[in-house]
Each structure stands twice: as structure tokens, then as C-alpha cells.
There are 2 protein chains.
Amino acid sequence: MKRKLTLKLIAKELGVSISTVSKALRDSPEISEETREKIKAYAKLYNYKPNNIALSLKNRRTNTIGVIIPQIVHHFFTTVISGIEQEARDRNYNVIICLSNNGFDKEVENMELLANGSTDGFILSISKETMLKEDYHHLNEVIEQGMPVVMFDRVVEGISCDRVLIDDKAGAKKGVSHMIRTGCRKIGIITSEDYISVGRLRTEGYLDALDDYGIAANDNLILKLDNIDDLTEESKKRIEDFVTKNDLDGIFTVNEFFAVHATRVLTKLGKRIPEDVSIVCFTDGQLSENMIPSLTAVSQHGEEMGRKAASILIEKLEREDSETAPYDTAYIDTSLVERESTRKLNR
Amino acid sequence: MKRKLTLKLIAKELGVSISTVSKALRDSPEISEETREKIKAYAKLYNYKPNNIALSLKNRRTNTIGVIIPQIVHHFFTTVISGIEQEARDRNYNVIICLSNNGFDKEVENMELLANGSTDGFILSISKETMLKEDYHHLNEVIEQGMPVVMFDRVVEGISCDRVLIDDKAGAKKGVSHMIRTGCRKIGIITSEDYISVGRLRTEGYLDALDDYGIAANDNLILKLDNIDDLTEESKKRIEDFVTKNDLDGIFTVNEFFAVHATRVLTKLGKRIPEDVSIVCFTDGQLSENMIPSLTAVSQHGEEMGRKAASILIEKLEREDSETAPYDTAYIDTSLVERESTRKLNR
DNA sequence: TTGTAGGCGTTATCAA
DNA sequence: TTGATAACGCCTACAA
């Protein structure tokens with residue numbers, strides 16, 4: 001096993017000083033053509049690469065972005081990460097990903113860990129528990145220390161940071177409006193409790209759409225579940241009840257899982273989709289695409305969101321006059337992907 | 001914006017030397033009770049945390065595991081990462097994830113990047129292109145430099161590293177045997193070309209199962225597609241042909257996508273599942289669970305695989321006598337998750 | 001009990 | 001043209 005090559009080793013081997021090697025490798029004109037070539041040849045031959053850790057220490061910057069997300073076994077988040085990765089790579093940054101598992105303590109722990117020299121800034125989507133607790137000291141601390149933060153998707157107010165958001169409200173409105181235009185009149189929504197920001201906003205979009213078309217909202221047609229990331233047994237039951245009791249002709253859901261389960265219940269009830277009931281869900285993922293029938297979905301463009309978040313963060317990192325730039329919220333547009341679960345629009 | 005606290009700053013503030021501070025914070029008995037308390041109180045008050053970068057440089061170890069995977073928008077890989085994360089956290093390691101996007105160049109680039117001081121070892125699943133190229137110099141290089149490597153799922157021979165594998169062959173055999181036991185006799189397989197190791201092994205398992213039950217294999221019932229990670233239009237067509245032309249009573253597929261598309265084609269043909277045709281797929285993900293009908297699947301236990309890979313790597317990292325331990329392959333068991341797409345077994 | 005010095009790998013400044 | 005020195009933040013052997 002050969003030890004990793006360092007400037008020191010090269011210097012010793014070639015009988016010159018460390019600084020000569022350093023300069024030669026950076027093409028400094030201070031060094032004679034001859035020595036330079038000799039050193040560069042040697043370095044190339046033995047595949048010298050500067051040690052990132054040493055560089056980070058020296059430069060007081062790591063060129064690394066820390067990403068903290070609630071969970072990784074989640075299609076939307078993976079698309080965002082993929083976008084972050086792309087942008088970071090294009091601009092010569094690394095990415096470290098940590099998971100909070102939707103827990104407050106892990107989120108804090110992760111931030112502290114990464115903040116101790118491992119990253120220059122953060123991109124994060126806040127955990128459910130943190131939202132409930134409303135304790136954001138960990139965010140404020142890293143910001144206080146001069147590390148910029150960009151929040152995406154699940155954000156909170158009152159933090160000095162940039163934000164990238166899906167336009168959840170407009171997206172939901174788009175989906176529900178489409179159902180109305182294709183003839184649905186009694187549309188239910190399966191959403192989350194209001195403390196989950198994306199759920200609340202999507203509910204608002206739903207209400208907006210009804211209002212626009214002069215359809216009265218009805219609280220009985222709104223089902224609020226207490227999670228938005230998965231489908232618990234409890235949620236399944238409530239969806240079954242909801243779908244069975246209300247004779248809906250359209251169902252809008254804030255995620256794919258709820259839509260899939262509603263589909264299942266409808267199928268069991270002998271309802272045809274989309275002839276009897278239309279379905280539209282938020283999040284255009286694998287399930288929407290592959291279900292039979294495939295589901296019309298509001299696509300979130302996660303990759304674009306990731307790229308945007310990374311781009312904003314890097315911009316901040318590379319701006320010298322740190323204090324001046326104001327904080328800002330970028331919106332990522334959604335688009336409606338029409339599939340088999342809604343009727344065709346007559347044009 | 002306050003600068004991050006360092007030993008130096010604390011020392012200056014309290015009028016002692018840096019080493020006194022360092023020792024006090026590490027509870028050295030060398031330092032007087034009084035000074036120790038004073039320093040610790042100050043550090044706690046201002047929330048001092050040692051700088052990871054400096055520690056890494058000093059200790060020549062980063063306590064960080066580098067993970068390189070072909071893609072992240074992929075359910076199985078996310079479960080593995082989740083497992084790696086858990087194990088790493090339990091044992092006080094960090095995780096850096098990089099994506100190769102199934103490309104050789106990116107894989108090499110990523111390894112070189114992380115190898116320059118950022119990580120102590122690697123966990124990786126090799127990219128498709130690398131497998132085709134059969135160029136593993138980047139792996140050999142980092143191993144040569146003393147960084148242990150653990151390969152998982154998509155592995156190759158002839159590299160000095162540990163491996164963690166799904167027992168693909170046994171898993172496929174399990175799935176196909178189940179179909180046979182529940183009455184299927186004309187079972188087709190939708191798999192990948194042989195150069196993708198997991199595809200090849202699963203095909204072998206399929207053949208094994210047929211053989212065990214004395215059913216003659218038939219090349220016409222084996223469809224080999226050239227990808228295993230997604231569903232191209234080309235693949236869709238070939239699946240349509242395959243399913244339509246052969247009057248199968250069972251279909252085994254090496255991933256969820258192929259199964260879902262086969263289901264779609266069967267539904268269109270008016271076949272009932274599982275009464276007319278049974279379906280079993282490899283990979284127990286969201287699709288298998290949520291499809292209507294839900295799919296019987298061979299579950300890969302990705303989290304367990306991740307934990308195992310991380311655990312093996314960390315063991316290697318913490319063993320001083322590096323050379324002695326032999327390389328070894330661990331197998332993660334699969335299990336069959338019975339759902340609606342297969343008939344019940346009469347017991 | 002406390003402090004000094006050297007080193008991890010690199011770069012920048014200044015001296016030779 | 002080359003080299004010695006200091007610094008990034010931390011730790012530790014050794015000296016005071």
C-alpha cells in the first residue's frame with residue numbers, strides 16, 4: 001500500500017523544497033521552465049492530487065453544500081437532490097446529504113455536524129417535527145455564523161434565508177380547475193393538516209378553484225390527514241370512509257399515495273375512472289405514471305427546484321459583500337400532466 | 001455575523017494558552033479544576049465545537065464514508081442509502097453521496113474527488129457503463145492507496161474488496177417456484193441482458209426453478225432487455241409483443257417497471273390477474289405495493305444491505321492490521337411478499 | 001499546572 | 001529562481 005502522494009514527498013524525491021513544488025504545479029512563472037516541467041512530469045506520473053481537506057482548512061471554505069432532508073426514500077426529494085447534484089457539479093461544488101428522518105433532534109444534530117467545517121452552506125427541507133415544535137435555533141445559529149441557508153419545499157417564516165417553493169397553491173388550483181372544466185362538480189380533497197405548509201397551501205388552491213367557478217365549498221368534502229409522506233393504516237381507513245360516504249365525481253389529493261388508495265377504494269366500489277370519478281393528485285412520480293389507470297398529476301419539477309436552490313446558494317457563497325443581498329423566495333412552476341384518470345377536455 | 005469560535009479565540013479571551021484550552025476541553029487531569037471549569041463554561045456558553053476539517057487533517061481520517069451509486073431517483077438505492085446512513089450514524093461516521101448517473105467518467109471523477117482526503121473508504125454500486133467497459137483502474141487506485149472499498153448489488157470480480165450481494169439467484173428462484181407451486185406451467189421472464197450481473201443471476205434463478213420442477217426451459221419465453229433501471233419506449237414495445245405473442249400463465253420480471261407494463265398489457269388483453277396470469281417481480285417497492293392488483297414481489301431488504309455494507313466498511317477502517325483480513329462476500333436474504341398478483345397456495 | 005513547539009498538507013509572503 | 005516561514009485549527013509530546 002503506497003501512501004498518498006503529497007507535496008512534501010515530491011519535494012523530497014526531487015530534492016527541491018515544498019514551496020517550489022507547489023509553485024511549479026500551479027504554473028508559477030517564478031519557477032524555471034526546467035524545474036517546472038520536471039516536477040509536473042513527476043506529479044503526473046504518480047498521479048498527484050492535492051488534498052481537499054488541507055485546502056479546505058487553508059482556504060476556510062470547503063466548496064461543499066450540505067443538504068438536509070426529511071427522508072430519502074421519497075421520489076420527490078430524490079429528484080430535488082438530483083437537481084442539486086447537477087448544479088453543484090456544474091459549478092464545482094460537492095454535496096453532502098444528511099437525513100433528519102422527520103425528527104427534530106436529528107435535524108439539529110446534522111446541522112451542527114455539517115456546520116463544523118464540513119460545508120459552506122445549507123439547503124434544507126424542514127422536518128415535520130421541527131415544524132410542530134417551531135424551534136429554529138439551529139437554523140439561526142448557522143446563519144449567525146455566516147453560513148447561508150436555502151430552504152425548499154417545507155419552509156417556515158421568520159428565518160433569514162432564501163427560499164425555493166413549489167407554487168403549491170397555484171398547482172392545486174390548476175389540478176382542481178382541470179377537473180371542473182372536464183365536468184366534475186362534486187370534488188373532494190384528501191389533504192394534510194394545516195400545520196404542514198404544503199398541505200395547507202394545496203387546500204387553499206383547491207378552495208380557490210372552487211370559488212373561481214362558483215362552486216360552494218363543503219367541509220365534508222375535505223379530508224385532512226396527519227401525514228403527507230406516507231400512508232398509515234389509520235389514513236387508509238379514513239380514506240375508505242371518505243370515499244365511500246361521499247358520492248364524489250372528482251377527487252384531488254395532495255400526494256400520490258392518497259390518490260392510489262382512493263383509486264383502490266373506488267375500484268372496489270365498482271366506480272369507473274374517469275367516467276364516474278376523476279382523480280388528480282399532486283406530485284408526478286412513479287405511481288402516477290404507472291398506475292392503471294395512470295393518474296393525471298400536478299408535476300413539481302423537483303430537479304428544477306434542486307438546481308434553483310443550489311444556484312441561489314452558490315451565488316450567495318460566491319458573493320463577497322455578504323450582507324447586502326436581500327432574502328428572496330423563488331417559485332417553481334408546476335405543470336399538469338394529463339393522463340387516464342381525468343376526462344378529455346372538449347375544445 | 002460572528003466568526004466561528006476556535007481554541008485560539010477562547011485562549012485569547014481567557015488569557016491562557018491554546019493547549020491549555022484544548023486539554024481542559026478534553027478533561028485532561030493536567031489542568032487544574034478551576035481553569036478547566038472556567039474554560040468549559042466559556043466553551044459551553046459560546047457553543048464551541050471543534051472544526052471537523054482541522055481534525056480530519058490532523059488525524060488523517062475523516063470519519064466519512066463515500067457512497068457512489070448509479071442514480072438516486074431509484075427506490076432500491078434510496079433504501080440502501082437509508083441503511084448506510086443509519087449504521088454510519090450509530091457508529092459515528094458521516095456519509096457523502098455522489099451519483100455516477102450510470103456513466104464511467106462521472107464514476108471515476110467522483111472517486112478521485114472523494115479520495116482526495118474527503119473520505120476514508122467507499123461503498124459503491126458500479127455503473128452500467130463501467131461494467132461494459134470493464135475498466136476498474138479507479139477502484140484499484142483507491143484500494144492501492146489504502147482506502148477500503150465495499151461493493152454492493154452491482155459488483156464485479158477481480159477487485160480487492162468486500163462485497164454485499166442480494167442473493168439474486170435464490171430470490172428469483174423463490175419467486176418462480178412460488179408461481180409453479182400455485183399452478184403456473186408456462187412462465188415467461190422479462191429480464192436484462194447478461195452483462196448486467198443482477199439480471200443474469202435472476203435469469204439463472206428462473207431457470208433453476210423450472211429445472212427443479214422438471215419444466216423445460218424455452219428461449220422464446222425469455223425476454224432480455226438492455227436496461228434494468230427504467231422503462232424505455234423500445235422496452236415497452238418489446239414487452240407488449242412478448243406478452244401478446246406468448247400465451248403465458250405466469251410472468252416473472254427482474255424489476256417493478258417490467259411487471260407494471262406487463263400488467264398493463266395483460267389488462268388490455270382482457271386477462272385476469274391472477275386467475276389467468278400470475279405476476280411476480282423482483283424488487284419490493286412502491287409500485288408493487290400500490291398497484292391494482294398489488295404485485296407479489298421478491299423483497300431485497302435494501303436497508304439491511306446498506307447497514308451491512310457500512311458495517312463491513314467501518315470494521316475494515318477500524319482494524320489496525322489492515323492487510324490481514326481477507327475479502328469476503330456477504331449475502332442478504334430475500335423474502336417473498338405475497339400480494340394480489342399470485343394465487344393463494346393450497347396448504 | 002501551564003505553555004511551547006511541531007506537524008497534518010497546502011498556499012502566500014518574504015528572504016536569499 | 002528557489003527556499004524558509006507562517007498560517008488555517010487542532011492535538012500532543014515535552015519543556016518550563
Short side-chain to backbone donor-acceptor contact, [X] and [Y], under 3.5 Å:
{"X": "A:Asn51", "Y": "A:Ile53", "result": "yes"}
{"X": "B:Arg307", "Y": "B:Gly83", "result": "no"}
{"X": "A:Asp328", "Y": "A:Arg163", "result": "no"}

Could you go through the salt bridge (charged side-chain N to carboxylate O under 4.0 Å, His left out) check for A:Glu315 and A:Arg319 one step at a time?
CA-CA 6 Å; A:Glu315 222 93 295; A:Arg319 181 191 302 263; over 6 Å; no
Near DNA chain D, which residues from residues 24-34 of chain A have a heavy atom under 4.0 Å away?
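A:Glu30, A:Ile31, A:Ser32, in order of number.
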Check DNA chain D against residues 5-16 of chain A and give the residues with a non-hydrogen atom under 4.0 Å, in numerical order.
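Contacts with DNA chain D under 4.0 Å: A:Val16.
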Checking [X] now: which residues fulfil side chain to side chain contact (heavy atoms under 4.5 Å, CB included) with it, not counting sequence neighbours?
{"X": "A:Leu9", "answer": "A:Leu5, A:Thr6"}
{"X": "A:Lys12", "answer": "none"}
{"X": "B:Glu129", "answer": "B:Phe104, B:Ser127"}
{"X": "B:Asp120", "answer": "B:Arg61, B:Thr62, B:Tyr93, B:Leu317"}

What is the distance, rounded to the nearest whole Å, between atom [atom1] of [X] and atom [atom2] of [N]?
{"X": "B:Ile39", "N": "C:dG3", "atom1": "CD1", "atom2": "C1'", "result": "12 Å"}
{"X": "B:Arg61", "N": "C:dG9", "atom1": "CZ", "atom2": "C1'", "result": "18 Å"}
{"X": "B:Asp120", "N": "C:dC8", "atom1": "CG", "atom2": "P", "result": "18 Å"}

Between B:Arg89 and A:Glu109, is the closest basic N to carboxylate O distance under 4.0 Å?
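Salt bridge: yes.
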Quick one: which of C:dT10, C:dT1, C:dT4 gets closest to the side chain of B:Thr35?
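Minimum distance to the B:Thr35 side chain belongs to C:dT1.
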Pairs under 3.5 angstrom only: tabulate donor-acceptor contacts from the side chains of residues 151-158 of chain A to other protein residues two or more places apart or in another chain.
{"from": "A:Arg154", "atom 1": "NH1", "to": "A:Asp229", "atom 2": "OD2", "distance (Å)": "3.1"}
{"from": "A:Arg154", "atom 1": "NH2", "to": "A:Asp229", "atom 2": "OD1", "distance (Å)": "2.8"}

Who pairs with A:Ser22 by side-chain hydrogen bond (donor to acceptor under 3.5 Å, both in side chains), at least two apart in sequence or on another chain?
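With sequence neighbours excluded, A:Ser22 shows a side-chain hydrogen bond (donor to acceptor under 3.5 Å, both in side chains) to no residue whatsoever.
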List for me each residue that meets side-chain hydrogen bond (donor to acceptor under 3.5 Å, both in side chains) alongside B:Ser19, sequence neighbours excluded, and say none if there are none.
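Only B:Ser17 meet the side-chain hydrogen bond (donor to acceptor under 3.5 Å, both in side chains) criterion with B:Ser19.
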Within the pair B:Ser19 and C:dG3, is there a side-chain N or O less than 4.0 Å away from OP1 or OP2?
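Looking at the OP1 and OP2 atoms of C:dG3, neither is under 4.0 Å from any side-chain N or O of B:Ser19.
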Would you kindly compare B:Arg36 and A:Ser22 by the position of their nearest DNA chain C nucleotide and give the one closer to the 5′ end?
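Upstream on the strand: B:Arg36.
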Where do B:Glu85 and A:Cys98 come nearest, in terms of heavy atoms and distance?
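Scanning both residues, the minimum pair turns out to be OE2-CA, 4.0 Å.
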Minimum heavy-atom distance B:Ala24-B:Ile31, with the two atoms named:
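Between these two residues, the closest heavy atoms are N-CG1, 3.9 Å.
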Going 5' to 3' on DNA chain D, which nucleotide is the first and which the last to come under 4.0 Å of a heavy atom in chain B?
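Using the under 4.0 Å cut-off, the span is D:dC8 to D:dC14.
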Do A:Val150 and A:Phe122 have side chains that approach each other closer than 4.5 Å (heavy atoms only, starting at C-beta)?
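No; the side chains remain at least 4.5 Å from each other.
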Rounding to 10°, can you tell me the angle the first-five-pair axis of the helix from C:dT1-D:dA16 to C:dA16-D:dT1 makes with its last-five-pair axis?
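Here the helix ends are tilted 70° relative to one another.
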If you take any heavy atom closer than 4.0 Å to DNA chain C, which residues from residues 48-59 of chain B end up in contact?
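Residues of residues 48-59 of chain B that come under 4.0 Å of DNA chain C are, in numerical order, B:Leu57, B:Lys58.
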